[in-house]
Amino acid sequence: MPDHHQSRNMNHRNHERRDWNRGREYRSDEKYREERSTGYDEERQRNPRDKQQRMHPKPPDSEDSHHHRHQEMYSDSSTYETPHREALYNLRYIPTSRGICQIMEFFLNLLIVICAGVPYSNKGQYKDIASLGGLYYYYYGGAQAFTTQEAAKVKELDDLFYQLKVPPYIFSMACGGALMAYALAMLALGLFRVPYRWPPVLLAEAVVDGLIGLGYIPAVAFYFIKLQETYSSAVCKEREDMYKSKGLKGSECSLNGTDIAGGIFGVLGVPLFLLSAVLAVRAFRAVRKLKQQREAENGNF
């Protein structure tokens, strides 16, 4: 009996010892897991972008620089840039200094054409409304109406005066229309990047712009000289006297508003085209420098 009880006590102590060891191992495992999870949370809080960087790695510096070079674009102003793969056209040329200048050239010459076209289309012939009789004679007849012979004379003078004043207006419309076409052509060349492919085009454009800018000076002088000759002619004076004898206005032998406006727009064309010539020269230098840089880069590769 005592041996039996002693063996039972030893077995009981062995079971208690094993339970105590298992509890200690369990507690140590829990402590280890808590410490590991706490350390992982702190590391994740310190580096919130690690996961994003692992998912989206940043390209090396060589790739960044190569990508940056491909993002460079070409503009036809004082700075010329172009991608390695040349595009057929470049709409970003329009808001450049040269593009804006060429658009202004177009609209300036359009205004010159309008100012010359208004008097050209107005023959200003006398209409003998009183000769129709009835109410027309009542309102337009009497002392203010020309007789039949006077009306025929006035119409003849109107035709002669119109033939005298037409040449400077035709000259203005022809020059203005040609310069409008020239401005549009230069704008189209810039849009299709022709100056970048063939830089000498810019030098030719600069020469032509300079000649046009200087050519405005004699053109405006010729315009006003011819108009002054027309208004100083005997035909204009006689026509003016006949209209004044009946108290009619609008036939004075002097420059009208459209004549003056056309001359002012012609004067503004001088600095505008000279500025365009300067911008073309600057553009040529920029293109030449850019091409030299590109050739050096290609040589390094």
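The analysis underlying the following values was restricted to heavy atoms, covering all of them including side chains, and did not include hydrogens, waters or symmetry mates.
Salt-bridge annotation for K153 and E150: absent, with no side-chain N of the basic residue lying under 4.0 Å from a carboxylate O of the acidic one. Ion pair R239/E252 not flagged as a salt bridge, since none of the NZ, NE, NH1 or NH2 atoms sits closer than 4.0 Å to an Asp/Glu carboxylate oxygen.
Between D259 and Y231, some side-chain heavy-atom pair lies under the 4.5 Å cut-off. Side-chain contact check for Y182 versus F106: every heavy-atom pair is 4.5 Å or farther apart. At a threshold of 4.5 Å between non-hydrogen side-chain atoms, the residues P199 and R288 do not count as touching. Side-chain atoms of Y196 and L290, non-hydrogen and from C-beta on, do get closer than 4.5 Å to each other. Two residues are said to be in side-chain contact when any heavy atoms from C-beta on lie closer than 4.5 Å; E205 and V208 fail this criterion. The shortest side-chain heavy-atom distance between L272 and C101 falls under the 4.5 Å cut-off. Under the 4.5 Å side-chain criterion, counting only non-hydrogen atoms from C-beta, L157 is not in contact with F161. Looking at heavy atoms from C-beta onward, Y169 lies out of side-chain contact with K226 at the 4.5 angstrom threshold.
Annotation for V267 and V220: closest pair N-CG2, 4.0 Å, computed over non-hydrogen atoms. In terms of heavy atoms, N256 sits closest to T258 at OD1-OG1, 2.8 Å. The heavy-atom pair separating L164 from S233 by the smallest distance is CD1-OG, 3.7 Å. A pairwise comparison of heavy atoms in L227 and P168 identifies CD2-CG, 3.8 Å as the closest pair. Taking each heavy atom of A116 and S172 in turn, the nearest pair found is CB-CB, 3.7 Å. Minimum heavy-atom separation, L108 to L268: CD2-C, 3.9 Å.
There is no path of hydrophobic side-chain contacts, each under 4.5 Å, that joins L274 to L211. Hydrophobic clustering (ILVMFWY, side-chain heavy atoms < 4.5 Å, transitive): V281 and L214 are in distinct clusters. Hydrophobic cluster membership differs between I225 and V235, with clusters built from Ile, Leu, Val, Met, Phe, Trp and Tyr side chains linked at under 4.5 angstrom. Linking ILVMFWY side-chain heavy atoms closer than 4.5 Å, directly or via other members, places V207 and Y216 in two distinct hydrophobic clusters. With hydrophobic clusters built from ILVMFWY side chains whose heavy atoms lie under 4.5 angstrom apart, F224 does not share a cluster with F222.
Put simply, CG on L110 and CG on L179 are 12.0 Å apart, with the number rounded to the nearest 0.5 Å. With rounding to the nearest 0.5 Å, the separation of CZ in R197 from CG in L189 is 11.0 Å. Remark: I264 CD1 to C115 SG distance equals 9.0 Å, nearest 0.5 Å. One distance of note links NZ of K244 with OG of S251; it measures 7.5 Å at 0.5 Å rounding. Here the CZ atom belonging to R285 is positioned 12.5 Å from the CG atom belonging to L202, to the nearest 0.5 angstrom. The distance from the CD atom of E229 to the SG atom of C236 is 13.0 Å, given to the nearest 0.5 Å.
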Working for side-chain contact (heavy atoms from CB on, under 4.5 Å), residues D209 and L279:
CA-CA 10 Å; D209 286 343; L279 293 177; over 6 Å; no
Kindly determine whether F107 and L111 satisfy side-chain contact (heavy atoms from CB on, under 4.5 Å), including the steps that lead there.
CA-CA 6 Å; F107 283 105; L111 292 174; 5.7 Å; no
Can you list the steps and then say if V154 with Y243 is a side-chain contact (heavy atoms from CB on, under 4.5 Å)?
CA-CA 8 Å; V154 169; Y243 277 104; 3.2 Å; yes
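A ring-centre distance under 6.0 Å is not found for F171 and Y223.
Under a 3.5 Å cut-off, the side chain of Y162 and the backbone N or O of Y120 do form a donor-acceptor pair. At distances below 3.5 Å, at least one donor-acceptor pair connects side-chain atoms of N109 with backbone N or O atoms of E105.
A donor-acceptor contact under 3.5 angstrom links the side chains of Q102 and Y93, judged on distance only.
Atom CE of M104 is surrounded by 12 or fewer heavy atoms from other residues, nucleotides or ligands within 6.0 Å.
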